[in-house]
Amino acid sequence: VTFRDGFIGDILTSTVRPLQDIAFTTFYILSGLQGWWTASYSIDEAAGPVERSWVVRTVILPACVVSPLWWRFLQNLRQSYDNKSRWPYLGNALKYFLAAEVALFGLFEPDAKRNVLWICCFVCATLYQVWWDVFQDW
């Protein structure tokens with residue numbers, strides 16, 4: 001894994017939320033244009049088809065969340081293999097794996113955000129990520 005690959009991975013993991021916003025906005029604009037061209041609904045109603053879209057909710061937005069995290073996870077596994085060393089690469093891979101799991105669970109089970117187990121997992125994953133970034137990456 002080259003410096004460039006790691007740098008691009010870090011940039012993408014930092015832009016997960018803007019990637020989701022760009023994807024939603026793109027589909028919103030396309031939905032509005034489709035409604036305008038077909039005269040089936042007005043521009044004010046363009047969000048409806050996007051919000052109800054199975055593809056957007058279960059494929060596009062989760063892919064925007066998980067893809068950068070998964071890429072960094074695989075980069076860390078590759079670094080561990082190339083350097084024949086488990087530490088610190090597997091610890092860093094765990095950070096991205098936990099972040100992806102918590103994010104996916106939050107996306108697919110939004111009602112579970114009130115669940116004590118999910119909150120504990122979220123807090124543990126966040127504390128691990130902060131600990132790793134402060135004491136390992138700096």
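Predicted model, so just to flag it, every value in this text is computed and none were measured.
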same_hphob_cluster(F105, F108) at 4.5 Å side-chain heavy-atom cutoff: no

T15 (side chain) donor-acceptor with P18 (main chain) under 3.5 angstrom: no

Short side-chain to backbone donor-acceptor contact, N92 and P88, under 3.5 Å: no

Side-chain touch W71/T13, heavy atoms, less than 4.5 angstrom: no

More than 12 heavy atoms from other groups under 6.0 Å of CZ on F122: no

Path from I119 to V102 over hydrophobic side-chain contacts below 4.5 Å: yes

Polar side-chain atom of N115 near backbone of L117 as donor-acceptor pair, under 3.5 Å: yes

Mutual orientation of the aromatic rings belonging to Y28 and F24 [parallel < 30°, tilted 30-60°, perpendicular > 60°]: parallel

Ring geometry between F97 and F73 (parallel below 30°, tilted from 30 to 60°, perpendicular above 60°): tilted

Parallel, tilted or perpendicular: rings of F7 and F3 (30°, 60°): parallel

S31 (side chain) donor-acceptor with F27 (main chain) under 3.5 angstrom: no

Side chain proximity check, Q75 to W70, heavy atoms < 4.5 angstrom: no

Counterpart residues, side chain to side chain donor-acceptor pair (under 3.5 Å), relative to D5 (two or more places apart): T2

Check: N76/Y96 side-chain N/O donor and acceptor closer than 3.5 Å: no

Q136 and W131, any side-chain heavy atoms less than 4.5 Å apart: yes

Note, L90 side chain near L77 side chain (heavy atom, < 4.5 Å): yes

Residues R17 and Q20: side-chain donor-acceptor under 3.5 angstrom: yes

Same apolar cluster: L104 and L94, side chain cutoff 4.5 Å: no

Transitive ILVMFWY side-chain link L98 to W132, under 4.5 Å: yes

